[in-house]
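Order of the sequence lines sets the chain letters (A, B, ...), proteins ahead of strands, with each chain counted from 1.
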Amino acid sequence: MITITVASGKGGAGKTSVSSALAAGLGHRGILADCDVDAANAAIAMNATLTSSTDYYSGDGYQVDAKRCTGCGLCQRVCRFDAFRPTNGIFTIDEALCERCGACVDACPSGAIITENKLGGKLMVSRSFLDSAVVHAELVPGEDTSGKLAASVRRRAEDEAERSAAEGKPIDAIVVDAPPGIGCPVIASLTRADMVVVVIEAGSSGVRDAERLFELCASMNRKTGAVINKAGMDPEWDRKARELAGRFASPVLADLPWDRRFRQSTERAEAWVLSQDRFVAESASRLCSAVYQLAGLPSVTILGS
Amino acid sequence: MTIAIASGKGGTGKTTLAVHLASLLAHTASVTLVDLDVEAPDDAAYFPEDSTLASEKPVHVMVPELTDACTGCGACAAVCHFGAIVAIKGSVGVNPDLCKGCGRCVSACPAGALVEKPVRIGMVTARSGSGPHLVEGRLDVGDIRSTVVIDAAKKTARDTNSQYIIRDCPPGATCPSVKAVHGADVCVLVAEPTLFSVHDVTAAARFVADLGIPAGLVVNKAGEGSADPVAAAAELGLIHLGSIPWTESMARAGAAGRRVDDDPALKGTLDHIMQGILRLAASQGNEAAS
């Protein structure tokens with residue numbers, strides 16, 4: 001079994017549509033892991049039904065016990081993130097600024113900082129319309145946890161793959177839908193990837209952001225393949241998208257034009273490969289074949305699987 | 001007045017709205033546009049004429065280094081919440097990539113063996129020219145400390161003392177987005193009429209409400225999709241500030257990274273959106289005063 005991570009740098013480039021197509025193309029031999037926990041849409045894209053949900057705790061968070069706080073202000077002095085606010089003679093923590101280091105716990109002479117294991121969100125498994133697993137998460141908005149939760153989604157997908165194999169239904173690949181950007185949760189999504197599909201939106205921002213992602217993949221020694229999406233809007237940036245892939249020795253696996261039929265297919269939650277629209281289905285099938293081939297997967301029956 | 005432009009889902013049009021609003025306001029007021037999407041900053045490309053570099057400051061985190069005074073007791077590793085210090089059998093190692101620079105280990109060390117040294121994690125640049133001041137935070141590739149760079153860029157933007165500070169925030173609903181929106185007077189959430197966007201703007205609206213910041217909704221690419229962000233926003237108590245229709249010329253300009261300041265329809269919509277933003281800010285001011 002291998003892991004294929006779909007990432008882009010820029011948001012809205014088409015990661016979820018591409019990763020859903022790749023997972024759907026594998027039928028029940030594919031698992032989709034939605035590591036974009038801030039904006040989790042893969043379960044929607046795969047028209048999936050929730051089968052299990054577990055609370056996810058993100059670790060220590062802090063609060064001030066108003067009864068014990070003497071208002072001495074030592075917490076505020078040691079906090080490097082400016083998270084303490086004087087309020088009516090005592091202190092409170094602005095959770096949006098707290099980085100959860102716990103330096104205040106050591107500094108408080110009256111034991112007024114309460115430590116609690118914070119509920120970060122839910123880790124969920126759903127079954128797609130193809131009866132394949134989709135692992136996803138829902139976080140408590142504002143929680144400081146997307147990197148760790150993304151790693152948990154990936155690990156949970158690996159557990160699902162093992163369980164499925166033990167039941168005599170081996171999995172060929174976990175397809176990871178990565179978040180936008182190049183930061184903490186993206187690195188967590190790339191950690192176990194055997195191959196990265198970089199979706200380049202053919203435009204000024206899309207190419208610039210993909211370049212930073214390619215640099216990240218290179219620094220992590222990841223094999224990459226490129227999917228150019230929404231091409232045909234500006235010839236200069238179409239060309240630059242291809243040049244970028246070439247510069248990082250990344251084969252162009254698909255070159256999809258801007259066409260509202262793709263968006264319409266996504267809205268029908270049918271996963272592009274199985275689209276009722278022939279143009280979308282065929283474009284996506286070619287994309288899947290090219291990705292599977294580069295990933296060394298056996299060629300699979302895509303349509304009607 | 002600080003206006004944060006955020007979204008939940010990426011690619012809905014935060015940057016499109018931020019650059020055009022900043023450009024429009026700059027005709028009559030001092031404006032700073034600050035790019036807080038530090039993992040994927042793209043604002044500056046929309047202002048090729050404003051390339052005069054005003055300042056360029058590296059962003060640092062203070063990371064501990066071991067000195068010979070280390071006894072290997074492991075007290076530092078025991079307090080570190082970020083997995084940046086490991087102590088095994090009397091031998092201590094620091095991974096500077098994971099350190100958030102909280103300084104807890106330094107205080108915890110009974111031997112005073114940890115000395116802090118600055119480690120670069122990104123860059124904040126400021127440019128100015130005929131349009132808005134442009135401040136950009138840029139995280140170094142491979143680093144995970146986005147929030148520290150966001151903080152530094154926010155501070156640089158504040159120091160410009162412009163009448164309007166427009167923050168182009170990162171997508172999402174966790175730490176970087178929260179950090180970017182925190183402290184703003186008004187938050188504008190940008191959604192597109194797709195199922196994904198409607199789903200994601202809900203999470204974003206919740207964290208903005210938790211921060212106590214008044215928020216409104218702008219629909220971008222209106223007509224290009226069948227979902228209805230306005231109805232979803234109304235349920236969340238968001239005011240609909242305006243809609244920017246999808247047009248092929250806007251889409252082509254966006255792909256080319258080109259502003260369309262002279263588009264009269266867009267200008268009218270932006271004026272309307274700005275009036276709504278001012279009303280939102282004023283209503284919040286009244287609430288605070290009463």
Does any heavy atom of chain B fall under 4.5 Å from the side chain of [X], the backbone, both, or neither of them?
X: Val105(A); value: side chain
X: Arg263(A); value: side chain
X: Leu97(A); value: both
X: Glu236(A); value: neither
X: Ile182(A); value: both
X: Asp94(A); value: side chain
X: Thr266(A); value: side chain
X: Ala210(A); value: neither
X: Ala96(A); value: both
X: Ser219(A); value: neither

Contacts of Phe262(A) that satisfy ring pair (Phe, Tyr, Trp, His ring centres under 6.0 Å) - sequence neighbours left out: Trp272(A), Phe279(A)

Ring pair (Phe, Tyr, Trp, His ring centres under 6.0 Å) against Phe129(A), all qualifying residues, sequence neighbours excluded: none

Under 4.5 Å from a heavy atom of chain A, the part of [X] involved:
X: Phe82(B); result: side chain
X: Leu211(B); result: side chain
X: Val79(B); result: both
X: Thr147(B); result: side chain
X: Ser226(B); result: both
X: Glu224(B); result: both

Residue from Asp177(A), Asn41(A), Asp36(A) passing side chain to side chain donor-acceptor pair (under 3.5 Å) with Thr16(A): Asp177(A)

Chi angles and distances behind the side chain to side chain donor-acceptor pair (under 3.5 Å) call for Asp38(A), Thr174(B): CA-CA 6 Å; Asp38(A) 280 41; Thr174(B) 41; 2.6 Å; yes

Sub-6.0 Å ring centroid separation between Trp237(A) and Trp258(A): no

Flag the one option from [options] with the top tally of heavy-atom pairs under 4.5 Å to chain A.
options: Gly101(B), Ala173(B), Cys105(B); value: Ala173(B)
options: Gly172(B), Gly142(B), Gly10(B); value: Gly10(B)
options: Ala227(B), Gly225(B), Ser7(B); value: Gly225(B)
options: Ala205(B), Ala253(B), Gly254(B), Ala45(B); value: Ala45(B)
options: Arg145(B), Lys9(B), His199(B); value: His199(B)
options: Gly11(B), Pro170(B), Cys102(B); value: Cys102(B)

Is any NZ, NE, NH1 or NH2 atom of the basic residue among [X] and [Y] found under 4.0 Å from an Asp or Glu carboxylate oxygen of the other?
X: Arg120(B); Y: Asp140(B); value: yes
X: Asp210(B); Y: Arg206(B); value: no
X: Arg100(A); Y: Asp60(A); value: no
X: Lys179(B); Y: Asp151(B); value: yes

Test side-chain contact (heavy atoms from CB on, under 4.5 Å) applied to Arg212(A) and Leu139(B), step by step: CA-CA 10 Å; Arg212(A) 283 161 65 75; Leu139(B) 180 72; 4.2 Å; yes

Among Ala13(A), Cys104(A), Ala107(A), Cys184(A), residue most engaged with chain B (heavy-atom pairs, under 4.5 Å): Cys184(A)

Glu235(B) atom CD, over 12 foreign heavy atoms within 6.0 Å: no

